[in-house]
There are 2 protein chains.
Amino acid sequence: MSSADGFLPNLEVRVIAFSLQGERLHVLLVPEGGQRAFPGSRVECERSLDEAASGQLYCLTGLREAYLEQLYTYGDPERSPGGRLISVVYFALVPAAQEGAAAQAAPMNKDAAGAEWFPVESLPGLVSDHAAMLAYALRRLRYKLEYSAVGFQLLPEVFTLTELQRTYEMILGEKLDKRNFRRRILQAGIIEPTPRLRSGEGRPARLYRYRADAVAEVKARRLFP
Amino acid sequence: MSSADGFLPNLEVRVIAFSLQGERLHVLLVPEGGQRAFPGSRVECERSLDEAASGQLYCLTGLREAYLEQLYTYGDPERSPGGRLISVVYFALVPAAQEGAAAQAAPMNKDAAGAEWFPVESLPGLVSDHAAMLAYALRRLRYKLEYSAVGFQLLPEVFTLTELQRTYEMILGEKLDKRNFRRRILQAGIIEPTPRLRSGEGRPARLYRYRADAVAEVKARRLFP
DNA sequence: ATAATAGTGTCTCTCAGACATTATTTA
DNA sequence: TAAATAATGTCTGAGAGACACTATTAT
């Protein structure tokens with residue numbers, strides 16, 4: 001049934017990888033036919049779809065443990081001019097590089113395949129139906145952020161509450177009240193303080209981390225309705 | 001790239017169709033290899049995945065306009081013993097037959113392919129990973145019911161508030177308070193009263209219908225948290 | 001000392017949840 | 001008139017949202 005070349009015919013996975021760079025949400029794109037596209041690959045016969053997607057992510061970012069979730073499968077006959085193609089699309093959250101850590105396995109800015117991060121508000125031309133994919137992925141990301149704790153996946157292991165709030169604001173596209181944000185995020189019980197502080201321009205800020213033992217019990221209740 | 005027989009190789013769609021029968025939630029199953037499976041078919045080269053799924057649903061229930069949504073794509077190499085197979089799984093909500101209407105295009109109980117409705121609490125043995133698919137579909141159905149208005153898709157065009165409440169209770173698996181249910185469902189503004197009443201054993205009940213003009217603006221806020 | 005950022009508490013109002021009685025019909 | 005189901009309002013407690021000042025550091 002499968003092709004002789006060891007790949008499944010007519011099938012690929014694509015990965016929409018989000019990351020925070022500076023003060024903006026970025027996505028990872030590779031060149032394709034003069035435009036840009038989400039990185040992807042065909043699927044080897046003996047690999048699962050999840051493996052194909054996380055392999056793709058690893059080879060572009062060097063990360064093994066990023067948040068990865070299947071988004072949607074696109075399969076309209078007209079969507080790819082060069083013959084019928086089914087795309088199983090994933091979306092991934094790539095943590096920002098750890099502050100002050102040397103030689104971090106952080107998202108690279110260039111790659112063998114020419115992958116680059118682009119801010120989501122100013123994207124180059126995208127191939128085929130990839131713009132629609134991105135719109136859907138963004139909607140889902142915002143949505144997930146509201147009722148689950150997925151925002152931490154974009155931050156390094158430790159972070160300040162202000163950084164966390166900026167992350168939420170960046171993705172939701174709105175300002176949040178500092179005191180209300182802190183009250184709710186702490187009440188949710190998904191982060192805990194560490195003994196460390198981070199010094200900056202003003203008063204040093206306490207560093208928090210995601211509570212590993214709370215990962216399982218993702219809150220069903222919305223955090224930010 | 002595509003097979004010579006006009007179908008995409010290694011790819012199928014499956015449909016998990018839910019319906020209310022009597023006082024229970026049912027799913028539609030067909031015989032397959034001595035067990036039962038969700039109805040499905042391979043995908044013709046020139047058809048979209050959505051079309052393949054809705055065609056499948058039409059051929060089994062006679063319905064053209066049922067609620068249909070892509071659920072997940074399963075593609076692990078080990079899941080199908082007879083060679084690698086990718087299953088794009090949809091879930092569908094089939095409305096109950098209209099009360100008192102003759103020759104209704106309602107869900108048939110038997111079909112050319114031997115399709116039958118089974119209550120979700122007492123299912124026969126399911127093929128391959130179909131039990132896991134069902135568990136996920138049920139979770140998603142319950143979840144959608146809580147924050148959107150999808151419950152109406154399982155009812156005929158007009159219904160009483162008690163029938164609607166029973167639907168919610170059946171799917172969520174818990175009793176709901178009558179007054180609170182009515183308050184919230186009416187405040188949500190997604191149904192409207194009709195002039196008609198339905199007579200039964202006791203006091204006749206007002207019939208309601210889904211507000212067509214409110215279909216688009218699905219409430220983002222949860223109805224039943 | 002000044003600039004910069006971190007950190008904290010209260011009040012109000014809305015909404016979810018619990019709860020019991022009256023109204024209208026058929027048998 | 002009895003049995004069955006429909007329809008309706010109030011109170012209470014929890015949580016969301018608005019809001020301003022003090023604390024601690026670097027320059």
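Note that this is a predicted model, so its numbers are computed, not measured. Keep in mind that the numbers below use all heavy atoms, side chains included, and drop hydrogens, waters and symmetry copies. Throughout, protein chains are lettered first and strands after them, A, B, ... in sequence-line order, and every chain is numbered starting at 1.
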* Please give, in whole Å, the distance from dT2(C) P to Glu201(A) CD? -> 18 Å
* Residues which pass side chain to side chain donor-acceptor pair (under 3.5 Å) with Glu32(B), listed by chain and number, not counting sequence neighbours -> Arg14(B)
* Structure fact -> Leu176(B) atom CG is separated from dA18(C) atom P, nearest whole Å, by 10 Å
* Structure fact -> Rounded to whole Å, the CZ-C1' distance (Arg203(B) to dA6(D)) equals 5 Å
* Rounding to a whole Å, what distance do you find between Arg206(A):CZ and dG7(C):P? -> 8 Å
* Could you name each residue pair satisfying salt bridge (charged side-chain N to carboxylate O under 4.0 Å, His left out) that touches residues 53-76 of chain A, not counting sequence neighbours? => Glu69(A)-Arg140(A), Glu69(A)-Lys144(A)
* Could you check whether Ser199(A) gets within reach of a base, just the sugar-phosphate, or nothing at all, counting any heavy atom under 4.0 Å? => nothing
* To do: Check the distance between dA16(C)'s C1' and Arg184(B)'s CZ and give it to me in whole angstrom.
  => 7 Å
* **Flag side-chain contact, heavy atom, 4.5 Å: Tyr74(B) against Asp129(B)** => yes
* Structure fact -> Sequence neighbours excluded, the answer for side-chain contact (heavy atoms from CB on, under 4.5 Å) partners of Thr162(B) is Thr160(B), Arg166(B), Arg182(B)
For nucleotides 8-10 of chain D, give me every protein contact, N/O to N/O, under 3.5 Å, one pair per line with atom names.
unit_1	atom_1	unit_2	atom_2	d
dT10(D)	O4	Arg183(B)	NH2	3.4

* Asked: What is the distance from CD of Gln187(A) to C1' of dG15(D), rounded to the nearest Å?
  -> 8 Å
* With Tyr208(B) via ring-ring contact (aromatic ring centres under 6.0 Å, His included) - residues at least two apart -> none
* ring-ring contact (aromatic ring centres under 6.0 Å, His included) partners for Phe159(B), two or more places apart -> Phe152(B)
* **Touch class at under 4.0 angstrom, heavy-atom based, for Thr160(B) against every strand present** => nothing
* To do: Grab the CD-P distance between Gln165(A) and dG17(D) for me, whole Å please.
  => 13 Å
* Structure fact -> Leu161(A) atom CG is separated from dA23(D) atom C1', nearest whole Å, by 16 Å
* Hey, is the main chain of Leu176(B) close enough, under 3.5 Å, to the side chain of Gln165(B) for a donor-acceptor pair? -> yes
* Structure fact -> Judged by nearest nucleotide, the residue sitting upstream toward the 5' end of DNA chain D, Arg166(B) or Gly200(A), is Arg166(B)
